[in-house]
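For reference, the structure is listed below as structure tokens.
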Amino acid sequence: MYNQILSSLNDFINNDLSFDSDQKKTLLNKHKLTLTDSLQKGHWTTNICLIASNLAKKKPQDIAAALISKLESQRDISKVELAGPGFINIFLTRKVFLKQIDDAHKNPNSFVDSSRASKEKIQIEFVSANPTGPLHVGHGRGAAYGDAIGRILQRLGHEVSKEYYVNDAGRQIDILACSIFLRKFECFGDESFPNAAYKGSYIIEIAMSIEIDEAFPQSDKEKLISNLSDDDEEKIDELIERIKTNYSSSWLLIRDFGLEYVIKSIKGDLTQFKVIFDNWFFESSLGELTDKKSEISQALDQVKKEHAYEKNGAVWLESTKFGDDKDRVIIREDGRGTYLSADLAYHRNKLDRGFDTIINVWGSDHHGYIKRIEATIEAMGYSKKQMQVQLVQFANLLENGSKVKMSTRSGNFYTLKQLIDDIGPDASRFYYLSKQADQHLDFDIGVARSNSKDNLYYYVQYAHARICSVEKKYLELGMSLPSKFNDADFEGCDELLQMALNAQFVIKSSGENLQPHIIVYYLRDISQSFHQFYNSVNILNAKKSEQNNIVRTLMIVKSVIASSLELLGIEPLDSM
RNA sequence: GCGCCCGUAGCUCAGCUGGAUAGAGUACUUGGCUUCGAACCAAGGGGUCGGGAGUUCGAAUCUCUCCGGGCGUGCCA
């Protein structure tokens, strides 16, 4: 029905209006055909006359008459009304309204505008936490968000690839290896353990599981930790340097072992969270700057040709030419690359893989980095429009209203794994997604754990489980589930069905705006309508003809709830 | 200083690509289970959409300005 009405509207614009071609183009782009929010307004509604009246400087009423009679002549439309400031409300015949629902149930893309649909190859990179320790609850939000976006875009017909960028090169990995080394050989006590090193207990676990042959006498230990700088950062760098030069084989062993260990644990946590990546991209695979043939060298060479200069011994990218606030160093005075240089090469790599769009999901504290990376993309000759950055704000973890303390410095933080073990991956994902990603989220694990009315997650699941329960009862009584609606004139289901129908538009909007929370709110609304409906009808004692339509309605609502939950990576519960 | 985000009911938040009467949950008050799941439902009050100005037939939504809060602004990653 959607495409049918849509083509009538387009036909009206093209053939019946005395507009010039620019006006027609604007009107074709701007008008909307949407499902109404209440059946009092009919089934479908369009703002076409409102937009047209703007363009033509005429009253909407004057434009409406011709459109109304055009639509009214259609067989499947029972009534067309001009309402409010100039909306055209379209009422379908009851038979067609119900058929439309059966059709949508079979084909969940029945309301795709065939003239505008396009399929893209999309890459989405998210989590990408440094492999220096376990994922914490902050990473969970990005994980839930990126994964949901991936599922939604896939549902909309796009080809989606999910990627984790592993920063396995650079200083933070040196610090990881150094921390393990110091623990392994017990170079410091707990009190004197360097501040800049990682102090989490997982470091000790890793240290204990490594076997090393290299001898490490007490005298060496004393030498290693003597005459160190008082500055935390300098101290750790000195330690790294000494270990690297004097114990190179242990160093390499520990570094590789530690890295592998941490990555494995991250993968494990994500698997438990039901987030599966298609690709793990290692920063180290971009190669070294010292190797002229490496990807990173080539990317930098490309940029250096036209958009870089030397100053104070360093190489600067002229990012201001592309809208950045200041120019950025890409090769340091000492010849090492910066974080930006690796990211530059990484983005070149991504864009060369032929994606129409790449989506980067970043923590919102990185928002200052957007302009910079856009500038590098433009400097390499690509369009920054191909990249979209989605920021995810950190989540505040609350326990019944009061903040859960998290101290990263001491290494005692609430890990993602703890959260999943506590309330389960599904409830976690639901709450992570319950608010627009780039805004602060208060996540109360006390509420998420409870089975009270505050717990929106259970409210939604309960709707699904209740329907499953009715269906079961119905089957137990020897009846079979209806495969379509009949023409009983009972209209008690219609409002709920209209809302179920809207799922397609909700999902579309959620995908286009990259905002999964729209689906969460839709789930809340349709669950509420279901619970109301459930309380207002007696299903098993209803008249046979009505019962058919009631049960059919429930089946449809159930399937809508289930498929919406699945887009969020949440498994619908049959009982609870 | 500059840049980005936020300010909607007592509280937590939807609504923001301009449209019909600004919505939920929560809290408070009251009512509904001998039959399908009461983890549910019904009823009630509660708003200068931070202030002001502008654009428009129409602004919570767009523009400007002010106030209040958060974040960012490394030859860190």
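These numbers come from a predicted model, not from an experiment. Throughout, protein chains are lettered first and strands after them, A, B, ... in sequence-line order, and every chain is numbered starting at 1. Any value given below was found using the heavy atoms of this structure, including those in side chains, with hydrogens, waters and symmetry copies removed.
Using a 4.0 Å heavy-atom criterion, one finds that A:Asn89 contacts the bases of the nucleic acid, with or without backbone contacts as well. At a threshold of 4.0 angstrom between heavy atoms, the contacts of A:Thr45 include nucleobase atoms, whether or not backbone atoms are also involved. Using a 4.0 Å heavy-atom criterion, one finds that A:Gln528 contacts the sugar-phosphate atoms exclusively.
For the pair A:Tyr459 OH and B:U12 C1', the computed distance is 17 Å after rounding to whole Å. Here B:G19 presents its P atom at 16 Å from CG of A:Leu33, a figure rounded to the nearest Å. Computed from coordinates, the A:Lys32 NZ to B:G19 P distance equals 6 Å when rounded to whole Å. The interatomic distance linking A:Asn513 (CG) with B:U17 (P) rounds to 9 Å, in whole Å. Put simply, OH on A:Tyr522 is 17 Å from P on B:A24, counting in whole angstrom units. Between the CD atom of A:Gln390 and the C1' atom of B:C4 there is a distance of 14 Å, rounded to whole Å.
Contact check, A:Tyr458 against B:A38: no side-chain N or O comes under 4.0 Å of OP1 or OP2. Side-chain N/O atoms of A:Gln532 include one lying less than 4.0 angstrom from OP1 or OP2 on B:A42.
Comparing A:Asp442 and A:Ile518 against RNA chain B, the residue whose closest nucleotide sits nearer the 5' end is A:Asp442. Along RNA chain B, the nucleotide nearest to A:His531 and the one nearest to A:Ser509 differ in position, and the one closer to the 5' end is contacted by A:Ser509.
Here, B:C33 and B:A38 have their C1' atoms 7 Å apart, quoted to the whole Å. For the C1' atoms, the distance linking B:A77 with B:A14 amounts to 36 Å, nearest Å. Only the C1' atoms considered, B:A9 is 24 Å distant from B:C5, to the nearest whole Å. One P atom belongs to B:C66, the other to B:C71, and the distance between them is 22 Å to the nearest Å.
Ring geometry for A:Phe394 versus A:His136: interplanar angle of 30 to 60°, hence tilted.
A:Asp442 and A:Tyr431 are not linked by any side-chain donor-acceptor pair at a separation below 3.5 angstrom, with hydrogens and angles left out of the test. Under the 3.5 Å distance criterion, with hydrogens and angles disregarded, no donor-acceptor pair is assigned to the side chains of A:Ser364 and A:Asp438.
Note that CZ of A:Phe530 and CG of A:Asn535 are 8.5 Å apart. Values are rounded to the nearest 0.5 Å. Atom CD of A:Glu378 sits about 13.0 Å away from atom NZ of A:Lys371, to the nearest 0.5 Å.
At a cut-off of 3.5 angstrom, counting only N and O atoms as typed in the model, there is a donor on one side and an acceptor on the other between the side-chain of A:Asn54 and the base of B:C57.
Of all heavy-atom pairs spanning A:Gly335 and A:Leu289, the tightest one is O-CD1, 3.7 Å.
Ionic pairing of A:Lys244 and A:Glu241 is not present here: no N-O contact between side-chain nitrogen and carboxylate oxygen is shorter than 4.0 angstrom.
Base pairing of B:U17: no nucleotide in any strand meets the Watson-Crick or G-U wobble criterion (both distances under 3.5 Å). Searching all strands for a Watson-Crick or G-U wobble partner of B:G3 with both distances below 3.5 Å returns B:C71.
Under a cut-off of 6.0 angstrom, the local environment of CD in A:Glu571 is sparse, with at most 12 non-hydrogen atoms contributed by other residues, nucleotides or ligands.
Residues passing the side chain to side chain contact (heavy atoms under 4.5 Å, CB included) test with A:Asp301, sequence neighbours excluded: A:Lys304.
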Identify all pairs in which a protein N or O lies below 3.5 Å from an N or O of nucleotides 35-37 of chain B, and state each distance.
from: B:U35; atom 1: O2; to: A:Asn541; atom 2: ND2; distance (Å): 3.2
from: B:C36; atom 1: O2; to: A:Leu540; atom 2: N; distance (Å): 2.9
from: B:C36; atom 1: N3; to: A:Ile539; atom 2: N; distance (Å): 3.0
from: B:C36; atom 1: N4; to: A:Val537; atom 2: O; distance (Å): 2.4
from: B:G37; atom 1: OP1; to: A:Ser469; atom 2: OG; distance (Å): 2.8
from: B:G37; atom 1: OP2; to: A:Ser469; atom 2: OG; distance (Å): 3.4
from: B:G37; atom 1: O2'; to: A:Tyr462; atom 2: OH; distance (Å): 2.6
from: B:G37; atom 1: O2'; to: A:Arg466; atom 2: NE; distance (Å): 2.7
from: B:G37; atom 1: N7; to: A:Ser469; atom 2: OG; distance (Å): 3.0
from: B:G37; atom 1: O6; to: A:Met576; atom 2: N; distance (Å): 3.3
from: B:G37; atom 1: N1; to: A:Met576; atom 2: O; distance (Å): 3.3

message: Output one letter per nucleotide in nucleotides 70-77 of chain B: B when a protein non-hydrogen atom lies under 4.0 Å from the base, S when only the sugar-phosphate is that close, - when neither is.
response: SBS--BSB
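Taking the side chain of A:Phe87 as heavy atoms from C-beta on, and the options B:A20, B:A14, B:G58, the nearest nucleotide is B:A20.
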task: Under the side chain to side chain donor-acceptor pair (under 3.5 Å) rule, what do A:Lys350 and A:Asn360 come out as? Steps first, then yes or no, please.
output: CA-CA 11 Å; A:Lys350 288 210 268 194; A:Asn360 294 340; 2.8 Å; yes
